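On a predicted model such as this, the values are computed, not experimentally measured, just so you know. Each chain gets a letter, A, B and so on, in the order its sequence line appears, and its residues count up from 1.
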There are 2 protein chains.
Amino acid sequence: MKPAEPIKIVLVDDHKLFRKGLISLIEFINPHCTVLFEADDGLDLQQKINPRNLPDLVLLDINMPRMDGFETLQWLTRIYPSVKVLVVSMVEKEETVVRMLRLGARGFLCKDVEPKELGEALISVASKGFYYTDFITGKLVHSLQQPNTAETTRSQIILTTQETEFLKWACSEMTYVQIADKMCLSPKTIDGYRNSLFEKLAVKSRVGLVLYAIRHNLVTLA
Amino acid sequence: MKPAEPIKIVLVDDHKLFRKGLISLIEFINPHCTVLFEADDGLDLQQKINPRNLPDLVLLDINMPRMDGFETLQWLTRIYPSVKVLVVSMVEKEETVVRMLRLGARGFLCKDVEPKELGEALISVASKGFYYTDFITGKLVHSLQQPNTAETTRSQIILTTQETEFLKWACSEMTYVQIADKMCLSPKTIDGYRNSLFEKLAVKSRVGLVLYAIRHNLVTLA
DNA sequence: CTGTGGTAGAGGAAAAACCCTGAAGTGGGG
DNA sequence: CCCCACTTCAGGGTTTTTCCTCTACCACAG
């Protein structure tokens with residue numbers, strides 16, 4: 001690294017207190033860094049980013065209102081490919097990690113890592129352009145070895161309009177007969193949709209349907 | 001305040017990076033504070049807390065594994081009533097805020113407040129013993145004006161250990177017979193818990209149980 | 001024109017979920 | 001000591017869910 005040029009950083013996270021804390025932490029563990037600005041989410045970043053003073057590094061959260069980490073990363077790599085992105089998130093699902101890496105993330109940090117690791121990641125991304133830990137490579141290797149799980153499997157799963165419609169009703173206390181009534185269909189047809197979903201989603205019961213729908217945000221829980 | 005005695009603080013949050021950031025921030029905005037220790041969750045706090053060197057103030061998160069903010073606050077107010085608790089959480093649902101205040105929280109901060117407000121809250125709780133913003137009083141007043149919603153209704157609902165245990169298993173694809181097996185009980189006993197829960201939670205089917213459990217964060221969806 | 005896939009549905013059977021009533025033991029509070 | 005709440009469980013019933021095979025129509029691609 002060249003001590004003459006500080007690492008220019010931008011923070012994107014919807015929790016102000018976390019951002020401020022992170023800034024304070026970064027300045028403490030690595031005074032060589034300078035924070036250009038902060039953003040609440042992807043949209044805010046798009047407005048604040050200055051093409052004539054681009055950051056070296058963006059610390060990006062995933063769960064954000066309006067424009068989330070996935071969209072933001074896609075936009076960044078398309079518009080400003082030179083900007084390196086280090087994902088900082090509390091989720092550590094394999095699927096999420098792998099997806100972010102595919103979209104061009106230079107590293108992935110969980111929100112409960114040691115500050116020391118954050119410092120190392122900053123330096124690594126700024127100098128070498130990436131920061132891949134065993135945690136990340138582990139997830140990657142595993143996802144390559146098991147191309148049948150979530151990521152790959154789910155990309156194949158395509159539900160028809162009727163199936164989706166039924167799935168929503170299934171996440172209620174209605175019986176299948178009542179659902180059939182609501183959808184103006186024979187209970188036997190509902191029977192067919194259910195079996196079709198059981199196979200597609202690899203579940204074995206109605207509870208499985210409900211859990212799947214909720215996990216994949218196919219229904220909105222009030 | 002007495003400048004001679006620093007405010008002794010303990011942080012309870014499952015995200016290390018957030019904790020470290022918060023510490024760094026606190027030390028910056030108020031050097032008068034000293035952080036005794038940090039804990040990952042309520043259980044960790046129980047182990048680390050020292051009765052001969054109690055903190056003045058605990059900054060407590062709500063969503064935590066193992067032992068969450070509600071349980072932790074209950075335990076703290078029962079065992080160490082002198083310790084003041086300031087809740088720092090990202091949720092800002094009225095029900096949650098009101099519930100924490102009822103359990104004895106001295107204030108409630110959302111994770112996206114300004115650091116300035118954090119500083120004010122620290123001082124206010126340490127000196128006056130509380131920190132109630134318009135945000136909080138607003139929620140309180142509203143909950144008093146509408147005592148018919150969740151809070152009141154749910155405050156009556158008390159589940160036994162077994163019922164809670166069963167409820168968690170019910171949120172899976174296991175049949176009741178399999179659950180009975182897991183819990184080392186007769187299927188008939190499970191039958192009883194189910195009926196008891198149906199009545200307590202005002203639901204009519206297993207799907208209703210699942211929806212209730214998820215809506216009220218009684219189970220953790222992976 | 002034939003195969004594939006979505007839609008819609010029937011009959012029948014087995015399994016699971018649901019709903020009663022009743023009851024025995026345990027442990028704490030009045 | 002009695003009542004109450006929690007836990008445990010049984011018998012015996014109905015309803016719902018689940019599973020299986022099989023038919024039929026329509027549209028669209030090869």
Side-chain angles (χ1 to χ4, degrees), chain A residues 152-216 218-219, chain B residues 70-71 74-75 78-79 153-216 218-219 221:
Chain A
T152 322
T153 313
R154 221 158 44 93
S155 63
Q156 315 287 36
I157 297 180
I158 296 148
L159 305 186
T160 66
T161 319
Q162 294 294 300
E163 284 166 351
T164 310
E165 166 87 3
F166 160 68
L167 189 50
K168 284 176 188 166
W169 289 114
C171 297
S172 77
E173 291 202 61
M174 279 189 279
T175 69
Y176 290 137
V177 173
Q178 290 171 323
I179 294 173
D181 199 52
K182 271 275 184 228
M183 291 178 69
C184 298
L185 292 169
S186 153
K188 282 298 180 182
T189 307
I190 292 299
D191 220 54
Y193 290 152
R194 189 202 37 230
N195 290 328
S196 156
L197 282 178
F198 277 7
E199 198 171 338
K200 284 189 183 179
L201 310 182
V203 299
K204 291 187 291 292
S205 70
R206 180 159 172 183
V207 173
L209 289 183
V210 174
L211 294 176
Y212 181 95
I214 291 170
R215 275 198 253 257
H216 296 88
L218 300 178
V219 287
Chain B
F70 297 109
E71 287 179 88
Q74 267 179 320
W75 180 81
R78 201 177 64 242
I79 310 294
T153 316
R154 215 150 58 83
S155 65
Q156 316 289 34
I157 298 178
I158 295 149
L159 305 187
T160 67
T161 319
Q162 293 296 297
E163 285 167 350
T164 310
E165 166 87 2
F166 161 69
L167 189 49
K168 285 176 187 165
W169 288 114
C171 297
S172 77
E173 291 202 61
M174 278 190 279
T175 68
Y176 290 137
V177 173
Q178 289 170 325
I179 293 173
D181 200 53
K182 270 276 184 230
M183 292 179 67
C184 299
L185 291 170
S186 154
K188 282 298 181 182
T189 307
I190 292 299
D191 221 53
Y193 290 151
R194 172 169 38 83
N195 290 329
S196 156
L197 282 178
F198 277 7
E199 198 172 337
K200 283 189 183 179
L201 310 182
V203 299
K204 290 187 292 294
S205 70
R206 180 159 172 183
V207 174
L209 288 183
V210 174
L211 294 176
Y212 181 94
I214 291 170
R215 275 197 252 259
H216 296 87
L218 299 178
V219 287
L221 268 281

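In terms of the side-chain contact (heavy atoms from CB on, under 4.5 Å) criterion, residue partners of A:A180 (sequence neighbours excluded) are, by chain and number, A:P187, A:I190. With sequence neighbours excluded, the residues satisfying side chain to side chain donor-acceptor pair (under 3.5 Å) with A:E165 are A:W169. For A:L159, the side-chain contact (heavy atoms from CB on, under 4.5 Å) partners at least two apart in sequence or on another chain are A:I157, A:E163, A:T164, A:L167, A:L197, A:K200, A:L201, A:L218. Contacts of A:K182 classified as salt bridge (Lys or Arg N to Asp or Glu O under 4.0 Å), with partners at least two apart in sequence or in another chain: none. Annotation: side-chain contact (heavy atoms from CB on, under 4.5 Å) contacts of A:K204 (sequence neighbours excluded): B:E173. Scored by the salt bridge (Lys or Arg N to Asp or Glu O under 4.0 Å) test, B:R206 finds no partners at all (sequence neighbours excluded). Listed by chain and number, the residues in a side-chain contact (heavy atoms from CB on, under 4.5 Å) with B:Q74 are B:L103 (sequence neighbours excluded).
Taking every nucleotide of DNA chain D with any atom under 4.0 Å from a non-hydrogen atom of chain B, the first and last of them, 5' to 3', are D:dC6 to D:dG12.
Distance A:Y193 OH to C:dG5 P: 16 Å, rounded to the nearest Å.
Of the residues in residues 159-170 of chain A, not one places a heavy atom less than 4.0 Å from an atom of DNA chain D.
Sorted by first and then second residue, the pairs that involve residues 183-193 of chain A and meet side-chain hydrogen bond (donor to acceptor under 3.5 Å, both in side chains), not counting sequence neighbours, are A:D191-A:R194.
The distance from the OH atom of A:Y212 to the CZ atom of A:F198 is 14.0 Å, given to the nearest 0.5 Å.
Listed here is the closest heavy atom pair of B:L211 and A:S172: CD1-CA, 4.0 Å. Closest non-hydrogen pair, B:C171 versus B:V219, comes out as SG-CG1, 3.9 Å.
Using modelled atom types, one side-chain atom of B:Q178 and one backbone atom of B:T175 make a donor-acceptor pair closer than 3.5 Å.
OP1 and OP2 of C:dA8 both lie 4.0 Å or more from every side-chain N or O belonging to A:T189.
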Pair A:V210-A:I214, side-chain contact (heavy atoms from CB on, under 4.5 Å): steps then yes or no: CA-CA 6 Å; A:V210 174; A:I214 291 170; 3.7 Å; yes

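Overall, the helix from C:dC19-D:dG12 to C:dG30-D:dC1 carries an axis bend of 10° between its ends, with five pairs at each end and the value rounded to 10°.
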Any protein N or O atoms within reach of nucleotides 14-18 of chain C? Criterion: under 3.5 Å, listing atom names and distances.
from   : atom 1 : to     : atom 2 : distance (Å)
C:dA17 : OP1    : B:R206 : NH1    : 2.9
C:dA17 : OP2    : B:Y176 : N      : 2.8
C:dC18 : OP1    : B:R206 : N      : 2.8
C:dC18 : OP2    : B:Y176 : OH     : 2.5

